Amino acid sequence: MTMLVHIAAAKNIRSIRRSGIRAVSGGQDEPGVYCLPVLPSYQTTHQWVRELRRGSQRTLTAVYFRVPDNEPVQVGHYNRFPVHPGSAEAAALIAAQPDPRGYEVFIPRPIKAGEIHRIRRVNQLTGWRYMPGAHGTPPCACPICNPRGQYGAAKIRTEFGDPRNSED
């Protein structure tokens, strides 16, 4: 059985304990659950926490669960096309990467409450923001990366001289 971890909002934990993790469509054609395999590195296992906090969730929690080794999943880097191995092969694929930041596993079904192994608090400062390896590079000022209304977006657009951001 492969141990995986899903990062969820702390406000949803009671519901998750009671009925499991809902399958939500997150950019996929079919609904499912995003997760990562539990690896020896805490940083790698919980790498998505800081990026997910940008989506206005205050406190995130780690939900650990087990699925059969031959469970069909999708795995890949978040901005590339995924492959479709079993869950054990997906965990091995991520563990074998020299830089596993940005990888994700997608299970195309909900996770039942009986499959949940443990729910734990997670360090809220773990992981990367914007993209892996972004520290030290200037932010992008385009409206896709910095939409109007996002905290600090106007300041970034002003620094890059975006004419739509002027007060005229």
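Small disclaimer: the values here were computed from a predicted structure and weren't measured.
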So does [Y] get a backbone contact from the side chain of [X], meaning a donor-acceptor N/O pair under 3.5 Å?
X	Y	answer
Glu51	Val49	no
Tyr42	Asn123	yes
Gln47	Gly102	yes
His77	Arg101	yes

Could you pull out all residues at least two apart from [X] that satisfy side chain to side chain donor-acceptor pair (under 3.5 Å)?
X	value
Arg17	none
Thr45	none
Thr59	none
Gln43	none

Pairwise side-chain contact, [X] with [Y], heavy-atom cut-off 4.5 Å (strictly under):
X	Y	answer
Phe65	His117	no
Tyr78	Tyr34	no
Pro31	Val24	no
Ile21	Pro110	no
Pro100	Thr44	yes

Next on the checklist: As a quick check of understanding, evaluate side-chain contact (heavy atoms from CB on, under 4.5 Å) for Cys35 and Val5, giving each step before the final call.
Outcome noted: CA-CA 5 Å; Cys35 56; Val5 62; 5.9 Å; no
Next on the checklist: By the salt bridge (Lys or Arg N to Asp or Glu O under 4.0 Å) test, which pairs, at least two apart or in different chains, include something from residues 70-87?
Outcome noted: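 Of all non-adjacent pairs touching residues 70-87, those that pass salt bridge (Lys or Arg N to Asp or Glu O under 4.0 Å) are Glu71-Arg109.
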Checklist entry - Taking all atoms of both residues into account, what is the closest heavy-atom pair of His6 and Val33, and its distance? => result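 So the two residues come closest at ND1-CG1, 3.5 Å.
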Partner set under side-chain contact (heavy atoms from CB on, under 4.5 Å) for [X], not counting sequence neighbours:
X	answer
Lys112	Glu115
Pro108	Glu30, Phe106
Arg118	Tyr64, Arg120

Nearest-0.5 Å distance that lies between atom [atom1] in [X] and atom [atom2] in [Y]:
X	Y	atom1	atom2	result
Leu60	His46	CG	NE2	11.0 Å
Ile7	Arg53	CD1	CZ	12.0 Å
Ile13	Ile119	CD1	CD1	4.5 Å

Next on the checklist: Would you say Met1 ends up clustered with Val38 if hydrophobic residues are merged whenever their side chains have heavy atoms under 4.5 Å apart, either directly or through other cluster members?
Outcome noted: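 Hydrophobic grouping puts Val38 apart from Met1.
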Please tabulate, one pair per line, all N/O donor-acceptor pairs under 3.5 Å involving side-chain atoms of residues 84-98, not counting sequence neighbours.
from: Ser87; atom 1: OG; to: Thr2; atom 2: OG1; distance (Å): 3.1
from: Ser87; atom 1: OG; to: Pro68; atom 2: O; distance (Å): 2.6
from: Ser87; atom 1: OG; to: Asp69; atom 2: O; distance (Å): 3.3
from: Gln97; atom 1: OE1; to: Tyr103; atom 2: OH; distance (Å): 3.2
from: Gln97; atom 1: NE2; to: Leu93; atom 2: O; distance (Å): 3.2

Checklist entry - Taking Val63 as the fixed residue, which of Ile16, Leu4, Ile111, Val122 is the one that meets the side chain to side chain contact (heavy atoms under 4.5 Å, CB included) rule? => result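 In the set Ile16, Leu4, Ile111, Val122, the residue that makes a side chain to side chain contact (heavy atoms under 4.5 Å, CB included) with Val63 is Ile16.
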